[in-house]
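Here's the structure, in C-alpha cells; my notes come after.
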Amino acid sequence: MSLTADPPACTVPAAGGSSTHKLVNAGADKLIFKIKSSNNAEYRITPVFGFVDPSGSKDIVITRTAGAPKEDKLVVHFAPAPADATDAQAAFASVQPAGTVTIPMSATA
C-alpha cells in the first residue's frame with residue numbers, strides 16, 4: 001500500500017496562485033485520505049478528504065492567498081478505505097492512518 005504525490009513539491013507565488021497535484025495509488029486497495037496543512041490561513045486545499053481507487057489517481061488543488069513568502073507543508077494521511085464507505089470525511093474518522101505523504105510548499109516572492 002503506497003500513495004505518492006506528483007509533483008512531490010509545491011511552489012506558488014507569495015502574491016497568490018494555485019498548483020495541481022495528483023495523489024497516485026500504486027497498490028491494489030482503494031485508499032482514503034485526509035490532507036492537513038501547516039498554514040490554513042494562506043492555503044486552501046481541494047478536496048481535503050477523498051478516495052483514490054486501486055492503480056488510480058486523484059487530483060488535488062493547492063491554492064495560496066496573498067501573504068509573506070515562507071515555507072509550509074501539507075501532510076496527506078492515508079489508509080485502506082472501508083469497503084462500504086461513500087463519504088470520505090465521515091469514513092476517515094473510523095480508520096487508523098496507515099501512512100503519510102508530505103508535500104513541501106514554498107511561496108516565493
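Note that the structure is predicted; figures quoted are calculated from it, not measured. Count residues from 1 along the sequence.
With hydrogens and angles disregarded, no donor-acceptor distance shorter than 3.5 Å links the side chain of Asp59 to the backbone of Lys22. Under the 3.5 Å distance criterion, the side-chain polar atoms of Asp87 are matched with a main-chain donor or acceptor of Ala90.
The closest side-chain heavy-atom distance from Val52 to Leu3 is below 4.5 Å. Taking the side chain as every heavy atom from C-beta outward, Val61 and Thr63 approach each other to under 4.5 Å. Looking only at side-chain heavy atoms (C-beta outward), Val76 and Leu23 come within less than 4.5 Å of each other. Counting heavy atoms from C-beta outward, Pro97 and Phe92 have side chains that approach closer than 4.5 Å.
Note that the CD1 atom of Ile62 and the OG1 atom of Thr46 stand 10.0 Å from one another [nearest 0.5 Å]. One finds the CG atom of Asp29 at 10.0 Å from the OG atom of Ser55 (value rounded to the nearest 0.5 Å).
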Atom pairs and distances, side-chain donor-acceptor, residues 5-19, under 3.5 Å, sequence neighbours left out:
residue : atom : partner : partner atom : Å
Ser19   : OG   : His21   : NE2          : 2.7

Side chains of residues 35-45: which donor-acceptor partners sit under 3.5 Å, not counting sequence neighbours?
residue : atom : partner : partner atom : Å
Ser37   : OG   : Asn39   : N            : 3.0
Ser37   : OG   : Asn39   : O            : 3.3
Ser38   : OG   : Asp72   : OD1          : 3.4
Ser38   : OG   : Lys73   : N            : 2.9
Ser38   : OG   : Lys73   : O            : 3.3
Asn39   : OD1  : Ala41   : N            : 3.2
Asn39   : OD1  : Glu42   : N            : 3.0
Asn39   : ND2  : Glu42   : OE1          : 2.9
Asn39   : ND2  : Asp72   : OD2          : 3.2
Glu42   : OE1  : Arg64   : NH2          : 2.8
Tyr43   : OH   : Arg64   : NE           : 3.2
Arg44   : NH1  : Asn40   : O            : 2.5

* Residues Leu74, Thr102; criterion side-chain contact (heavy atoms from CB on, under 4.5 Å); working and verdict -> CA-CA 6 Å; Leu74 290 182; Thr102 301; over 6 Å; no

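Under a hydrophobic-cluster definition in which Ile, Leu, Val, Met, Phe, Trp and Tyr are linked whenever side-chain heavy atoms come within less than 4.5 Å, directly or via other members, Val48 and Ile32 are assigned to the same cluster.
A cation-pi arrangement, defined by a distance under 6.0 Å to the six-membered ring centre and an angle within 45 degrees of its axis, is absent between Lys58 and Phe51.
The minimum heavy-atom distance linking Leu31 with Ser2 is given by the pair CD1-O, 3.8 Å. Between Ala91 and Ser94, the shortest heavy-atom contact is O-OG, 2.8 Å.
Partners of Pro80 under the side-chain contact (heavy atoms from CB on, under 4.5 Å) rule, at least two apart in sequence or in another chain, are Met1, Ala98.
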